[in-house]
Each structure stands twice: as C-alpha cells, then as structure tokens.
Amino acid sequence: EVPLTLISRCKSPKDGDYQCSGAMPAFASLRKSDSLPENITGPPQLAEAIVAALGNDHPVITDLKVQKGGFITCRITEKYLQSKVQTQLSSGSLPKPNVRVEKCVVDFSSPNIAKEMHVGHLRS
C-alpha cells in the first residue's frame, strides 16, 4: 500500500495526470538496509527501474515518465476512465461527493430595505 502523500496530481497537465515521489523514500530505505542493486545509484535510476517493471501495457496507467529527481509521472488510460464513467451511468446514481461540512455566517449589516440587495451589503 502506497501512502497517499507520495501520489499527487501534476501541477501542469502537460506533465501528466499524476506524479509519484515514491522512488526517493524507496531509494533511502534500500540504501539504509544495504539492499541496493549495483546499477541503482540514485532515485532517478530506481524510478527508471520501477517504470520498466510496470511496462507499457498497464490497464490503468500509461505514458509513464521519469522527471527530475526521480518523480514518476503518468496518465490515466482513456479505456479505464470510460469504463468508470460507464459504470456510474449504468448504475443510475452518482457517488456522493466527499465534502467537508462547514458553517458559514452571513451578516446583512442593516441593508436599506428601500434599495435592491447586492453583494456590497455583505461583510467579510
């Protein structure tokens, strides 16, 4: 199980959909336990090995690339996204959004009831 903090959305869509920084802590852990393969000298080489092990025919991710420092970027396959959307559409119900409930207080600051209400009447 990969901690969610190692996987995040790419800041720029041209780089990919998601990025993973797992090669850095994995490299540190392997080096600490003296388990590094001879051809791995840093996180970028470990990231290349991870990409090679995943291959090009993964059912969920595609376009795997190694960026500076050993970040691995990828895109989600269209086929996977289509299957997920089709599943949601055929089920007849959409998943509930994971929204955090917050309280909001609105102060109307004694608006003039003879004038139309507008955003200027609200206080921050």
Side-chain angles (χ1 to χ4, degrees):
E1 184 78 19
V2 178
L4 293 177
T5 56
L6 296 178
I7 300 171
S8 61
R9 288 186 177 259
C10 287
K11 291 183 181 23
S12 173
K14 67 179 176 118
D15 293 329
D17 295 331
Y18 291 94
Q19 68 180 14
C20 176
S21 60
M24 289 86 128
F27 176 79
S29 177
L30 288 170
R31 185 174 56 188
K32 186 176 180 180
S33 66
D34 285 332
S35 302
L36 273 175
E38 291 179 20
N39 61 336
I40 305 293
T41 60
Q45 290 82 20
L46 184 57
E48 289 287 351
I50 293 169
V51 167
L54 286 171
N56 294 328
D57 58 345
H58 196 278
V60 177
I61 54 176
T62 186
D63 199 20
L64 289 157
K65 294 179 185 171
V66 176
Q67 304 290 339
K68 288 184 184 176
F71 285 94
I72 300 170
T73 59
C74 69
R75 295 195 185 281
I76 305 299
T77 62
E78 288 182 21
K79 187 175 181 180
Y80 178 76
L81 290 174
Q82 288 172 348
S83 72
K84 289 298 181 184
V85 169
Q86 188 59 43
T87 301
Q88 290 299 320
L89 291 175
S90 64
S91 73
S93 66
L94 295 175
K96 293 181 181 176
N98 186 10
V99 179
R100 187 177 60 168
V101 177
E102 294 183 15
K103 288 187 179 183
C104 178
V105 178
V106 178
D107 180 7
F108 286 107
S109 70
S110 303
N112 183 345
I113 60 170
K115 292 185 178 180
E116 188 175 334
M117 188 75 170
H118 61 84
V119 74
H121 288 102
L122 299 176
R123 292 185 180 175
S124 57

Peer 1: How far apart are the closest heavy atoms of G70 and A23, and which atoms are they?
Peer 2: O-CB, 3.6 Å
Peer 1: Write down the atom of P44, the atom of V66, and the distance for their closest heavy-atom approach.
Peer 2: O-CG1, 4.1 Å
Peer 1: Verify, without hydrogens or angle tests, whether Q45 (side chain) and G42 (backbone) share a donor-acceptor contact under 3.5 angstrom.
Peer 2: yes
Peer 1: What are the two closest non-hydrogen atoms of S21 and F71, and how far apart are they?
Peer 2: CB-CE2, 3.5 Å
Peer 1: Under the 3.5 angstrom rule, does the side chain of S29 hit a backbone N or O of P25 as a donor-acceptor pair?
Peer 2: no
Peer 1: Quick one: closest heavy-atom pair of G69 and P43, and the distance?
Peer 2: O-CB, 3.6 Å
Peer 1: So how far is it from Q82 CD to L89 CG, rounded to the nearest 0.5 Å?
Peer 2: 11.5 Å
Peer 1: Which heavy atom in C74 sits nearest to a heavy atom in L64, and how many Å separate them?
Peer 2: CB-CD2, 3.6 Å
Peer 1: For Y18 and I7, which heavy atoms make the closest approach, and how far apart are they?
Peer 2: CD2-CG2, 4.2 Å
Peer 1: Checking the side chain of T62 only, and the main-chain atoms of T77 only, is there a donor and an acceptor separated by less than 3.5 Å?
Peer 2: no
Peer 1: List the steps, then state whether side-chain contact (heavy atoms from CB on, under 4.5 Å) holds for Y80 with I61.
Peer 2: CA-CA 8 Å; Y80 178 76; I61 54 176; over 6 Å; no
Peer 1: When L54 is tested against each of N56, I50, D57 for side-chain contact (heavy atoms from CB on, under 4.5 Å), which residue passes?
Peer 2: I50
Peer 1: Find the distance between CG (D17) and CZ (R9) and round it off to the nearest 0.5 Å.
Peer 2: 7.5 Å
Peer 1: Is it true that a side-chain atom of D63 and a backbone atom of R75 form a donor plus acceptor pair closer than 3.5 Å?
Peer 2: no
Peer 1: Group every Ile, Leu, Val, Met, Phe, Trp and Tyr by side-chain heavy-atom contacts under 4.5 Å, then state whether M24 and L30 land in the same group.
Peer 2: no
